[in-house]
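For reference, the structure discussed in these notes is given below.
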Amino acid sequence: MATAEKGRLKFKSWNGYSESNGKAQKYIVDPWNKYMGMKVNCKKTAWCAITTASCLKQVGVKKLSMSAGCTTQMKWYKAKKRWKNRGIKPQVGWLVFYDFKGNGTATHTGMVTSVDYKKKGYMYVIEGNKGNQVAYRHISYSSKSILGYGLPYYN
């Protein structure tokens with residue numbers, strides 16, 4: 001059964017996987033490639049959206065966007081009415097979509113792994129392709145860089 005907890009644990013197990021150690025390609029991008037029938041190389045392609053899709057697919061989420069594009073994934077969640085705008089307290093397992101350029105386009109994505117109750121309004125997010133590796137970010141969930149959240153179809 002696909003759950004937010006399984007998604008969180010899978011993503012966390014990839015922490016530190018990188019382009020340089022080959023683990024990002026082997027455990028994240030290659031399974032996505034197999035499903036999609038493609039030959040993407042993480043050293044040549046942004047792979048943050050591939051990471052979220054690969055994680056959800058590997059834990060058994062049946063209905064999801066397998067797109068390698070952050071904006072395409074964001075639009076898919078909006079079309080499915082599985083979207084929440086920034087400023088609300090996110091839940092573990094939700095996907096967060098960022099706009100670091102300030103133009104309304106999703107430029108990066110990751111998965112919420114916890115909400116920090118000690119510093120009200122902050123969350124921990126794990127992301128693929130953050131500095132060419134899977135790594136964490138601690139960020140306010142009201143940050144202007146956040147466009148909103150995609151809510152995966154967990155069981």
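Residues take their numbers from the sequence shown, with the count starting at 1.
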Go through the side-chain N and O atoms of T52 and Q73 and say whether any donor and acceptor fall under 3.5 Å apart.
yes
Looking just at side-chain N and O atoms, do S67 and S65 make a donor-acceptor pair shorter than 3.5 Å?
no
What's the verdict on ring pair (Phe, Tyr, Trp, His ring centres under 6.0 Å) for W94 and Y77, showing C-alpha distance, side-chain angles and the deciding distance?
CA-CA 11 Å; W94 287 7; Y77 282 102; over 10 Å; no
Just by distance, do the side chain of [X] and the backbone of [Y] share a donor-acceptor pair under 3.5 Å?
X	Y	result
K6	M1	yes
Q25	C42	yes
N21	G16	yes
T71	A106	yes
R86	S142	yes

Can you classify the ring geometry of F100 versus H108 as parallel (below 30°), tilted (30 to 60°) or perpendicular (above 60°)?
tilted
Closest non-hydrogen atom pair, [X] against [Y]:
X	Y	answer
V61	Y153	CG1-O, 3.7 Å
Y136	K12	OH-CG, 2.9 Å
C70	T107	SG-C, 4.0 Å

Do [X] and [Y] make a side-chain contact, defined as non-hydrogen atoms from C-beta onward lying under 4.5 Å apart?
X	Y	result
V96	I139	no
M123	K89	no
Q58	P31	yes
T51	F11	yes

Is it the case that more than 12 heavy atoms not belonging to K75 sit under 6.0 Å from its NZ atom?
no
Decide yes or no on side-chain contact (heavy atoms from CB on, under 4.5 Å) for K63 and W76, but give the supporting numbers first.
CA-CA 11 Å; K63 193 174 182 181; W76 185 88; 4.2 Å; yes
